[in-house]
Structures are given as structure tokens and as C-alpha cells.
There are 2 protein chains.
Amino acid sequence: MIADPAARQDIPDATVARLPQYLRALSDLAERGVASVSSEELAAEAGVRSANLRRDLSHLGSYGVRGVGYEVEMLAHEITRELGLAQDWPVAIVGLGNLGHALAAYLGLATRGFQVVALLDRDPDVVGQEIAGMIVGSVGDLERIVTERRVAIGVIATPAVSAQEVCDRFVAVGVRSVLNFAACVLSVPEGVDVRKVDLSTELQILAFHEQHKTPAAQERMPLLEVAP
Amino acid sequence: MIADPAARQDIPDATVARLPQYLRALSDLAERGVASVSSEELAAEAGVRSANLRRDLSHLGSYGVRGVGYEVEMLAHEITRELGLAQDWPVAIVGLGNLGHALAAYLGLATRGFQVVALLDRDPDVVGQEIAGMIVGSVGDLERIVTERRVAIGVIATPAVSAQEVCDRFVAVGVRSVLNFAACVLSVPEGVDVRKVDLSTELQILAFHEQHKTPAAQERMPLLEVAP
DNA sequence: TACTGTGAAGCTATTCACAGCG
DNA sequence: CGCTGTGAATAGCTTCACAGTA
């Protein structure tokens with residue numbers, strides 16, 4: 001393994017999806033002053049099995065020490081690098097309803113690795129407002145703003161009916177990573193990644209499991225002891 | 001449990017996770033007045049392969065007609081029933097910051113199958129406010145309110161530091177389905193389902209793929225033709 | 001010794017390809 | 001015929017169990 005070892009494109013998707021959890025667990029440990037963890041401890045912290053964690057980390061390289069564990073700071077650094085969070089990715093959010101507003105506020109402070117560089121909305125009453133320290137621009141200027149500010153990731157928080165159009169315009173000016181909060185499937189050309197976050201899908205999955213739980217377990221009233 | 005044909009607990013998780021998408025696709029088709037679809041068409045609408053769709057639907061039963069396809073209304077009805085959306089599940093949202101506010105507004109109108117019956121916050125300035133047509137209660141009354149209003153699904157939109165406590169209190173009064181928006185892993189006993197929605201995880205996954213795309217494809221400037 | 005990294009096994013999910021049926 | 005439903009093949013992921021090592 002040399003420097004950046006031969007552009008490892010062989011990391012499984014399932015592993016990539018867990019790396020952020022490991023990174024968060026490592027950050028927590030680092031804040032608590034922990035310097036070293038075993039796979040068992042880190043796995044517990046991240047909510048996975050230790051064998052799974054070790055397999056995942058083995059895809060990144062050999063960063064553990066047998067008989068000891070992993071050095072927290074070093075492993076966090078390696079995962080940060082692998083995820084591409086050593087730099088700040090410029091993000092644009094389109095659609096500043098309740099959800100877009102919340103996303104702007106959240107991204108404005110909570111997340112390392114990303115920087116919100118544009119907020120865009122269609123409503124003339126919203127354009128010009130300041131949200132999370134940034135002035136909302138007009139979605140009509142999307143192409144210019146995305147290009148000028150080198151936006152790499154587009155976040156779509158518009159109603160479903162507008163989402164495909166916004167997506168197409170992002171893609172047309174070179175954005176190849178899209179996070180979609182609208183309740184619809186987006187069509188994109190080869191090479192563009194779309195991830196969908198959908199509240200109602202998540203609730204519906206919970207409802208399915210809730211419905212299929214044993215009725216007996218559903219009688220919960222006797223468990224309660226109301227505080228005086 | 002009889003009535004529901006042979007308590008089919010054998011529906012794979014991956015299939016359950018796609019049923020909401022099929023349901024949405026079917027709703028769209030129904031609104032457009034389409035009465036019947038082939039697996040090919042419905043799969044395209046939902047963004048999956050047709051073989052995958054047919055396999056998924058086969059877990060629910062045999063609701064198609066060979067040589068013809070699926071009747072839109074009937075299939076939508078079957079999926080609705082299977083997901084447990086024929087009834088309305090009572091939902092409580094805890095934490096009414098920007099995100100909780102957005103969730104309350106979204107659930108207040110957009111979703112069938114769920115009804116927000118409680119909004120709770122810890123901040124005395126927020127308690128008593130009206131959000132999405134509902135008065136915010138105090139998180140101190142969580143046990144009483146959850147019990148009285150028969151809450152089945154708890155939505156946690158608090159800061160990470162409070163999430164585990166809120167979750168424990170939900171579980172203690174019998175809630176067994178939790179949707180967690182806080183950036184932490186929740187520990188729950190056997191029989192309780194937690195689903196996590198995490199914006200920064202999603203962005204980090206996009207960043208990983210963005211970073212691993214070919215540098216050549218990253219030169220997007222020449223593609224732009226600025227509107228005059 | 002106490003742990004990691006990994007071959008091998010087992011399991012789950014997807015896709016192919018076609019028999020079977022309206 | 002044209003489509004669904006499904007056996008069989010394939011691909012991908014997780015877990016076991018232990019050899020290897022600081």
C-alpha cells in the first residue's frame with residue numbers, strides 16, 4: 001500500500017454506509033479522552049457486531065494493532081479521509097419551506113465536511129430573506145450560482161412536483177451528487193448519485209412492524225405508573 | 001391471529017422497505033386515471049427492476065393477472081393493508097426545534113396512515129405555542145400524554161444528548177416504534193424497533209462517492225452555458 | 001495473552017429465464 | 001400472445017471461528 005493506495009473503489013456500499021457511524025462513535029470517544037478501543041467496544045458504541053466492524057475496517061487497510069485495538073485519533077482521521085471529509089464540500093439547498101429551513105440551520109453549524117454556499121427558493125417572498133446567516137437567492141439563478149460557487153452537492157427540499165426540474169438543472173451544470181427530500185423518484189443520467197430521505201417511507205416501515213407485533217405485547221396500559 | 005391470512009411474517013425487510021415506493025407510484029397512477037399496469041411499467045415508476053417488483057409482490061400474494069398486469073386500485077389497497085395504513089397510527093413528536101417543527105408541519109397534512117396526537121418540548125418558551133394547529137406540551141408530561149393518547153410511534157427530534165432519555169421514557173410506557181432524528185445510537189430492549197434518519201450520514205455517503213469519481217468528470221465548467 | 005484480520009460458511013437479496021396461465 | 005409468478009443461478013453481505021501477531 002502506497003500513499004493513496006490505488007484508488008480503492010472496492011469498498012462495499014454497506015460498509016460505506018456504516019463509516020459515518022464509526023466516525024461519530026470515534027469522535028465521541030475522543031471527546032471522552034479515550035485513546036484506544038477494541039473492535040468490541042467500538043462496535044457496541046456504533047451499534048453493530050464486532051466481526052462486521054473488523055471486516056468493514058479491513059477494507060480501508062490495516063489500521064489496528066493485534067492484541068491492542070485501534071488508536072482512536074488515527075482511525076478517525078483515516079475514515080475522515082476515506083469519506084472525503086478532509087475538505088469542505090460546497091452544498092446548495094433548494095426549497096426553503098419548513099424542511100429546507102431546518103436543513104439550512106442544521107448544516108450551518110452541525111456538520112464538518114460540508115459548507116452551505118447557496119440557499120434558493122422560487123417564492124419571491126422568501127428570496128432575499130436571511131436564513132441561518134445566508135441570504136436566500138432566486139431559483140432562477142440556479143445555474144449561475146451553482147457554477148460560480150462550485151456546488152458539488154445539491155439538496156432538494158422542494159415539493160415533489162418541482163423536484164425533477166431542479167434536479168435536471170443541477171445535473172445540467174455538473175452537479176453529480178443529489179440529496180432528495182421530495183417524495184418522488186428522480187431520473188438522472190449515469191454517473192450521478194441520488195440519495196433519498198423520506199420521512200413517510202420510514203414511518204410506513206415502522207407501521208408495518210408495529211402492525212405485525214403480537215397483540216398481547218400491545219397491551220401496555222398496566223405498565224404505566226403516572227408521576228404524582 | 002386469524003382473519004389476516006396466515007399471519008405472514010415472512011416478508012423480507014428489503015421488500016417492506018420498497019412497499020411505500022410502490023404505494024406512492026400506484027397513487028400517482030391512480031390520479032392519472034390509469035387502471036392497470038404491468039410490472040415493467042410500475043417498476044419504472046418506482047425506480048426498481050421489474051423482476052424485483054414481481055418478486056416483492058409475490059410475497060403479498062397473487063394479485064396480478066397473467067398476460068395483463070396489476071389492477072392499480074386493488075394493488076394499492078392490498079399494500080396499504082399490508083403496511084398497516086388502513087388505520088391511523090397515533091404519533092408523538094418530541095423536540096420542536098427547526099426540524100421538529102418541519103416534521104410536525106409535514107405530518108400534519110401530507111401523510112395518510114398517521115396522526116400527530118402530541119408535540120412535546122422541554123423549553124418553557126416553546127411549551128404552549130401552537131405549531132401546525134396543535135399546542136406544544138411539556139416533555140415532563142410525556143408518560144401521561146403518551147398513555148392517554150395511545151401513542152404508537154415516537155418521533156425523536158431532540159439534541160443527541162437527550163435522545164436516549166426520551167427514548168427510554170417512550171419505551172417505559174409501551175411505545176415500541178421509534179423514529180430517531182438525533183445523531184446517536186439508541187439502546188432499546190428486544191421487541192422495540194428504532195429507525196434512524198440522519199442527514200449528515202447521507203451527505204457523508206454522497207461525499208464518499210463524489211470523492212471517488214473520476215477527476216476528469218469533475219471538470220464541469222465547460223459544460224455551462226450561462227443564460228443571457 | 002488479547003486482540004486483529006480473514007478464509008470459509010451461511011444467509012439474504014437480486015436477477016435471470018421460463019413454465020404456466022388468462 | 002403477453003404477462004405473472006417462481007425455480008434456479010448469481011451476487012453481496014454477515015457471521016463464525018481461528019490463524020497470526022504485537
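Predicted model only: the values in this text are computed from it and were never measured. The sequence lines fix the lettering, A, B, ..., with proteins before strands; numbering per chain opens at 1.
- Remark: C1' of C:dC11 and CG of A:Asn52 are 13 Å apart, rounded to the nearest angstrom.
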Practice task
May I have the step-by-step check of side-chain contact (heavy atoms from CB on, under 4.5 Å) for A:Phe208 and B:Leu85, ending in yes or no?
Solution key: CA-CA 8 Å; A:Phe208 172 87; B:Leu85 305 176; over 6 Å; no

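- Across C:dC21, D:dG20, C:dC18, the shortest atom-to-atom separation from the side chain of B:Arg66 is found for C:dC21.
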Practice task
Check the pair B:Phe170 / B:Ile156 against side-chain contact (heavy atoms from CB on, under 4.5 Å), numbers first and verdict last.
Solution key: CA-CA 10 Å; B:Phe170 268 137; B:Ile156 299 179; 4.0 Å; yes

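- At whole-Å resolution of the value, CG in B:Asp13 and P in D:dG12 are 20 Å apart.
- Rounding to whole angstrom units, CZ of residue A:Arg49 and P of D:dC16 are separated by 6 Å.
- The distance from atom CG of A:Leu75 to atom P of C:dT4 is 11 Å, rounded to the nearest whole Å.
- At least one side-chain heavy atom of A:Val48 sits less than 4.5 Å from a side-chain heavy atom of A:Tyr22.
- Atoms CG (B:Leu57) and C1' (C:dT15) sit 16 Å apart, rounded to a whole Å.
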Practice task
Start with the C-alpha gap between B:Tyr106 and A:Leu99, add the side-chain angles, then the distance that decides, and say whether side-chain contact (heavy atoms from CB on, under 4.5 Å) holds.
Solution key: CA-CA 8 Å; B:Tyr106 175 77; A:Leu99 178 61; over 6 Å; no

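- Separating the CG atom of B:Leu53 from the P atom of D:dT6 is a distance of 14 Å, rounded to the nearest angstrom.
- Look at CD on B:Glu71: it is 16 Å from C1' on D:dC3, rounded to the nearest Å.
- Under 3.5 Å, the side chain of B:Arg55 and the base of C:dT15 form at least one donor-acceptor pair of N or O atoms.
- Here the side chain of A:Tyr70 is nearest to one of C:dC16, D:dT14, C:dT4, namely C:dT4.
- Using a 4.5 Å heavy-atom threshold, the side chains of A:Val37 and A:Glu45 count as separate.
- Taking only side-chain atoms of A:Arg18, from C-beta outward, the nucleotide of D:dC13, D:dT14, D:dT15 with the closest atom is D:dT14.
- Out of C:dC16, D:dC13, D:dT15, the shortest distance to the side chain of A:Ala14 is found at D:dC13.
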Exercise for the section: Take B:Thr201 and A:Arg24, measure what side-chain contact (heavy atoms from CB on, under 4.5 Å) needs, and give me the verdict at the end. Expected result: CA-CA 10 Å; B:Thr201 295; A:Arg24 175 144 45 233; 3.7 Å; yes

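- Of the residues near DNA chain D, B:Gly67 and B:Ala51, the one whose nearest nucleotide (by heavy atom distance) lies more toward the 5' end is B:Gly67.
- When each of A:Val65 and A:Thr15 is assigned the nucleotide of DNA chain D bearing its nearest heavy atom, the one mapping closer to the 5' terminus is A:Thr15.
- Summarising the geometry, the separation between CG on A:Leu60 and P on C:dG5 is reported as 10 Å, rounded to the nearest angstrom.
- Summarising the local packing, CZ of B:Arg49 is surrounded by 12 or fewer heavy atoms from other residues, nucleotides or ligands at distances under 6.0 Å.
- Residue-level contact check: B:Arg54 touches the bases, meaning some heavy atom is under 4.0 Å from a base atom.
- Near-neighbour residues of DNA chain D inside residues 20-42 of chain B, defined by a heavy atom below 4.0 Å, number-ordered: B:Ser38, B:Ser39.
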